[in-house]
Novice: 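Would you mind keeping the following structure in view while I ask a few things?
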Amino acid sequence: LALLLLLLLLPGGLGKPTARQERARPGAAQHEDRPGFQYDHEAFLGKEEARSFDQLSPEESRERLGKIVDRIDDNKDGYLTTEELKNWIKRVQKRYIFENVAKVWKDYDLNKDNKIAWEEYKQATYGYYL
């Protein structure tokens, strides 16, 4: 009996662990957040919108976030589902990609013919190296 009690009380013994250990499935991809909340803000709001939120007071931020949540709630039931949130983030990311392409297109389309030739791409990308 004393040996059993000793085994239960020793660290690493047969007793119940005191701290919860996170376990990953073998081969599962690990999700690593970037430090801080900025990455999440950009994913949720978009890069430009996230910057504007940084300038707001907590009250203004809460009010604007409430309006955004109303836009995310596609079925207007007052609750957000995982699917609604995924769709919102996809829309935000797609908008960011389109805006980014529009910004850099002007830099690559040097002759302004609305096409980017290989020579234009090389010049815009490697310019002074060539």
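Model, not experiment: these values are computed from the prediction. By convention here, the first residue in the shown sequence is residue 1.
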Novice: Who are the ring-ring contact (aromatic ring centres under 6.0 Å, His included) partners of Tyr96, not counting sequence neighbours?
Specialist: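 Here no residue qualifies.
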Novice: Between Asp73 (side chain) and Val69 (backbone), is there a donor-acceptor pair under 3.5 Å?
Specialist: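 Judged by distance alone, no pair lies under 3.5 Å.
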Novice: Checking Asp109 side chain against Asp113 main chain: does a donor-acceptor pair fall under 3.5 Å?
Specialist: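 Yes; judged by distance alone, with no hydrogens or angles, the pair exists.
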Novice: As an exercise, state the distance from NZ of Lys94 to CZ of Arg91, rounded to the nearest 0.5 Å.
Specialist: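 Atom-to-atom, Lys94:NZ and Arg91:CZ are 10.0 Å apart.
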Novice: Is a salt bridge present between Lys122 and Glu119, judged by a nitrogen-to-oxygen distance below 4.0 Å?
Specialist: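 A salt bridge links Lys122 with Glu119.
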Novice: Under the side-chain contact (heavy atoms from CB on, under 4.5 Å) rule, collect the residues that match up with Gln55, sequence neighbours excluded.
Specialist: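 Applying side-chain contact (heavy atoms from CB on, under 4.5 Å) to Gln55 gives none.
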Novice: Look at the rings of Tyr108 and Tyr121 and say which category their plane angle falls in: under 30° parallel, 30 to 60° tilted, over 60° perpendicular.
Specialist: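 Plane angle under 30°, so parallel.
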Novice: Would Tyr79 end up clustered with Leu65 when hydrophobic side chains under 4.5 Å apart are linked, directly or stepwise?
Specialist: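 Looking at the clustering, Leu65 is in a separate group from Tyr79.
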Novice: Can you check whether Lys106's main-chain N or O pairs, donor with acceptor, with Lys112's side chain at less than 3.5 Å?
Specialist: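 Such a contact is found between Lys112 side chain and Lys106 backbone.
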Novice: I need the Asp70 CG to Lys76 NZ distance, nearest 0.5 Å.
Specialist: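 The distance works out to 6.5 Å.
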Novice: Quick one: do Asp74 and Trp88 satisfy side chain to side chain contact (heavy atoms under 4.5 Å, CB included)? Show the steps, please.
Specialist: CA-CA 9 Å; Asp74 289 331; Trp88 172 261; over 6 Å; no
Novice: Is the shortest heavy-atom distance from the side chain of Glu84 to the side chain of Asn75 under 4.5 Å?
Specialist: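 Side-chain contact under 4.5 Å: yes.
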Novice: Does one hydrophobic cluster hold both Leu85 and Val92, with members joined at side-chain heavy-atom distances below 4.5 Å?
Specialist: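 Shared cluster, yes.
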Novice: Taking side-chain contact (heavy atoms from CB on, under 4.5 Å) as the definition, give me every residue that meets it alongside Leu56, ordered by chain and number, with sequence neighbours left out.
Specialist: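 Here the qualifying residues are Phe53, Glu60, Ser61, Arg64.
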Novice: Tell me whether Lys103 is salt-bridged to Glu99, with the criterion being a basic N under 4.0 Å from an acidic carboxylate O.
Specialist: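 A salt bridge is absent here (no side-chain N lies under 4.0 Å from a carboxylate O).
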Novice: What closest approach, in Å, do Leu110 and Glu120 show between heavy atoms, and which atom pair accounts for it?
Specialist: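 Residues Leu110 and Glu120, closest heavy atoms: N-OE2, 3.1 Å.
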Novice: For the CG atom of Asp107 and the CD1 atom of Ile116, what is their distance to the nearest 0.5 Å?
Specialist: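 Answer rounded to 0.5 Å: 9.5 Å.
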